[in-house]
Amino acid sequence: MSVIAVIGASNNRRKFGNKAVRAFRAQGHIVVPINPREHVVEGERAYPTVLDYPGEIDEATVYVPPEIGVLVVESIARKRIPVVWLNPGADGVAVVERARQLGLTTRVACSMLAVGESPEDY
């Protein structure tokens, strides 16, 4: 399965960053939580940024506010992650534009719904 970075992963089970970790893992994906303030999320080692993860990442799904997301897409491009999901609330115009300028395949949609999972189930 794919390696998915969940940017904005959280230990708060009500937050979408946590729900995404659980949803993608339920689909059989390898999940890489990204959060500079968490060391472990849902039993998975968390990394401060995608650049800190030692392996390749196939896709990133973003759950941070646009003012942070604009900076995050730069790291996603540097890591050569080809696909970025900009979820509702993380999909500010400047973030979408910058991701596209960087050549990322940019999907502006709920990544959990796209893989057949409902956030309400988590």
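Listed by chain and residue number, nothing satisfies the side chain to side chain donor-acceptor pair (under 3.5 Å) test with Glu56 (two or more places apart in sequence, or in another chain).
By the rule that hydrophobic residues join a cluster once side-chain heavy atoms approach within less than 4.5 Å of another member, Leu86 and Val50 end up as members of one cluster. There is a path of hydrophobic side-chain contacts, each under 4.5 Å, that joins Leu102 to Val64. Hydrophobic cluster membership is shared by Val72 and Leu104, with clusters built from Ile, Leu, Val, Met, Phe, Trp and Tyr side chains linked at under 4.5 angstrom. Residues Val70 and Val96 share a single hydrophobic cluster, defined by chaining ILVMFWY side chains whose heavy atoms lie under 4.5 Å apart.
Ser75 places no side-chain N or O within donor-acceptor distance of the main-chain N or O of Val73, the cut-off being under 3.5 Å. Between the side chain of Arg107 and the backbone N or O of Asn87 there is no donor-acceptor pair closer than 3.5 Å. Distance alone, capped at 3.5 Å, places no donor-acceptor pair between the Asn35 side chain and the Gly8 backbone.
Closest approach of Ala9 to Val21, counting heavy atoms only: CB-CG2, 3.9 Å. Across Lys15 and Ser10, no two heavy atoms sit closer than the pair CD-OG, 3.8 Å. When every heavy atom of Cys110 is checked against every heavy atom of Pro119, the shortest pair comes out as SG-CG, 4.3 Å.
If you check the side chains of Arg22 and Asn18, you find a donor sitting under 3.5 Å from an acceptor.
Ion pairing between Glu117 and Lys19 fails under the 4.0 Å rule for side-chain N and carboxylate O.
Taking the side chain as every heavy atom from C-beta outward, Thr105 and Val84 never approach each other to under 4.5 Å. You'll find the side chain of Val6 stays beyond 4.5 Å of the side chain of Pro33, heavy atoms only. Using a 4.5 Å cut-off on side-chain heavy atoms (C-beta onward), Ile7 and Ile76 make contact. Contact of the Trp85 side chain with the Val62 side chain is not registered, since no non-hydrogen atoms from C-beta on lie closer than 4.5 Å. Tyr53 is listed as a side-chain neighbour of Val3, based on a closest heavy-atom distance under 4.5 Å. Side-chain atoms of Ile81 and Val83, non-hydrogen and from C-beta on, never get closer than 4.5 Å to each other. Taking 4.5 Å as the limit, every side-chain heavy atom of Ile4 sits out of range of all side-chain heavy atoms of Ile57.
The CD atom of Gln27 sits 11.5 Å away from atom CE of Met112, with the distance rounded to the nearest 0.5 Å. Here the CZ-OH distance, from Arg25 to Tyr122, works out to 10.0 Å after rounding to the nearest 0.5 Å. The distance from atom CD1 of Ile34 to atom CG of Leu51, rounded to the nearest 0.5 Å, is 9.0 Å.
Using cut-offs of 30° and 60° for the angle between ring planes, the Tyr63 and Phe16 rings count as parallel.
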Q: Verify side-chain hydrogen bond (donor to acceptor under 3.5 Å, both in side chains) between Thr49 and Asp52, making sure each step is shown before the conclusion.
A: CA-CA 5 Å; Thr49 74; Asp52 295 306; 2.9 Å; yes
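Listed by first and then second residue, the salt bridge (charged side-chain N to carboxylate O under 4.0 Å, His left out) pairs that reach into residues 58-81 are Glu74-Arg98, sequence neighbours excluded.
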